[in-house]
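Small disclaimer: the values here were computed from a predicted structure and weren't measured.
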Amino acid sequence: MSAEEEENAAELKIPDEFLKAKCLMNSEVALILEHKYEQLQQMGDDPMNQVSQVFEKSLQYVKRFSRYKNPDAVRQVREYPSLCVLGNLCPETVEEAIAMVPSIKTRGRAHDDEAIEKMLNDLSLIKKFE
């Protein structure tokens with residue numbers, strides 16, 4: 001992205017450093033935040049190590065919306081970036097998936113409805129056998 005272009009996530013105009021970033025599942029973020037929370041708790045009274053309200057709310061959010069608890073299931077979902085995003089959002093229909101992640105139809109390797117339906121079925125199977 002050039003310096004003149006304004007960032008806009010809705011139009012997928014994002015800084016270059018995000019182009020190669022890997023998607024994390026909510027359950028993975030929960031593990032990371034829980035570990036950090038434990039570290040902060042062990043450091044005790046140091047005001048520099050106090051848990052912020054934003055941190056606590058973020059931890060509550062990812063715990064609440066972590067759909068996959070089994071590490072093997074998470075690994076399966078993370079193999080495909082599109083699955084990872086859909087796995088965090090858990091849409092039930094192709095229409096919901098497209099509404100939540102419009103780029104699934106328009107960016108990179110754009111998917112047709114049949115491919116999206118297959119992804120949703122794959123997610124359902126992974127969740128079912130977790």
Side-chain angles (χ1 to χ4, degrees):
M1 176 184 316
S2 69
E4 299 97 41
E5 290 185 57
E6 186 176 331
E7 293 177 21
N8 184 337
E11 296 177 10
L12 293 181
K13 291 182 182 178
I14 55 177
D16 292 339
E17 60 264 20
F18 287 101
L19 295 177
K20 293 184 180 179
K22 301 262 187 206
C23 177
L24 290 176
M25 298 295 297
N26 288 337
S27 55
E28 293 172 300
V29 176
L31 288 173
I32 293 166
L33 293 180
E34 284 173 344
H35 180 72
K36 183 65 176 173
Y37 183 80
E38 290 169 7
Q39 286 178 331
L40 291 172
Q41 295 295 10
Q42 290 174 355
M43 293 180 185
D45 299 328
D46 185 356
M48 292 300 293
N49 294 318
Q50 295 296 315
V51 177
S52 72
Q53 186 176 14
V54 171
F55 183 94
E56 287 181 355
K57 294 281 186 190
S58 298
L59 180 56
Q60 289 172 7
Y61 175 87
V62 293
K63 281 181 164 181
R64 180 175 179 203
F65 293 104
S66 293
R67 304 284 194 251
Y68 300 87
K69 308 294 184 201
N70 180 317
D72 291 330
V74 170
R75 255 184 245 105
Q76 281 183 293
V77 173
R78 281 200 65 215
E79 284 181 30
Y80 306 97
S82 297
L83 271 186
C84 187
V85 172
L86 294 175
N88 278 332
L89 298 171
C90 296
E92 294 182 7
T93 66
V94 171
E95 293 77 21
E96 284 180 5
I98 295 167
M100 290 177 182
V101 188
S103 62
I104 202 166
K105 291 279 283 189
T106 61
R107 292 294 215 163
R109 290 189 286 170
H111 303 284
D112 61 17
D113 288 1
E114 191 174 302
I116 297 169
E117 182 69 39
K118 183 182 179 329
M119 283 190 269
L120 295 178
N121 289 337
D122 290 348
L123 285 170
S124 179
L125 282 173
I126 292 168
K127 183 67 180 151
K128 182 178 180 179
F129 292 107
E130 182 177 34

message: A side-chain contact here means heavy atoms from C-beta on lying under 4.5 Å apart; do K63 and E34 qualify?
response: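 The answer is yes, as the side chains (C-beta and beyond) meet within the 4.5 Å cut-off.
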query: Given side chains that start at C-beta, do those of I98 and D113 come closer than 4.5 Å, heavy atoms only?
result: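 The answer is yes, as the side chains (C-beta and beyond) meet within the 4.5 Å cut-off.
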Where do [X] and [Y] come nearest, in terms of heavy atoms and distance?
| X | Y | answer |
| --- | --- | --- |
| C84 | R78 | SG-CG, 4.2 Å |
| M119 | L83 | O-CD2, 3.5 Å |
| S66 | A30 | OG-CB, 4.1 Å |
| F65 | N26 | O-ND2, 3.3 Å |
| R67 | G87 | CG-O, 4.1 Å |

Rounded at 0.5 Å granularity, tell me how far [atom1] in [X] sits from [atom2] in [Y].
| X | Y | atom1 | atom2 | result |
| --- | --- | --- | --- | --- |
| I116 | E96 | CD1 | CD | 12.5 Å |
| L24 | L31 | CG | CG | 10.5 Å |
| Q60 | Q53 | CD | CD | 9.0 Å |
| L40 | E56 | CG | CD | 10.0 Å |
| S27 | N70 | OG | CG | 9.5 Å |

query: In terms of side-chain geometry, is the basic nitrogen of D112 or K105 positioned less than 4.0 Å from the acidic oxygen of its partner?
result: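 No, this pair does not count.
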- prompt: Do the side chain of S124 and the main chain of L120 share a donor and acceptor less than 3.5 angstrom apart?
  reply: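 Absent.
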message: With a 3.5 Å distance limit and no angle check, can you tell me whether E28 reaches the backbone of M25 through a side-chain donor-acceptor pair?
response: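 Confirmed, E28 side chain pairs with M25 backbone.
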query: With a cut-off of under 6.0 Å to the ring centre and 45° to the axis, is K127 in cation-pi contact with Y68?
result: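 Here K127 passes the 6.0 Å and 45° test against Y68.
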- prompt: Are V62 and V51 in one and the same hydrophobic cluster, where Ile, Leu, Val, Met, Phe, Trp and Tyr link if side-chain heavy atoms are under 4.5 Å apart?
  reply: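 Looking at the clustering, V51 is in the same group as V62.
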Counting only heavy atoms not in [X], do more than 12 fall under 6.0 Å of its [atom1]?
| X | atom1 | answer |
| --- | --- | --- |
| Q41 | CD | yes |
| E114 | CD | no |
| K69 | NZ | yes |

message: Working note: D122 + K118, criterion side-chain contact (heavy atoms from CB on, under 4.5 Å); need CA distance, chi angles, decisive distance, verdict.
response: CA-CA 6 Å; D122 290 348; K118 183 182 179 329; 3.1 Å; yes
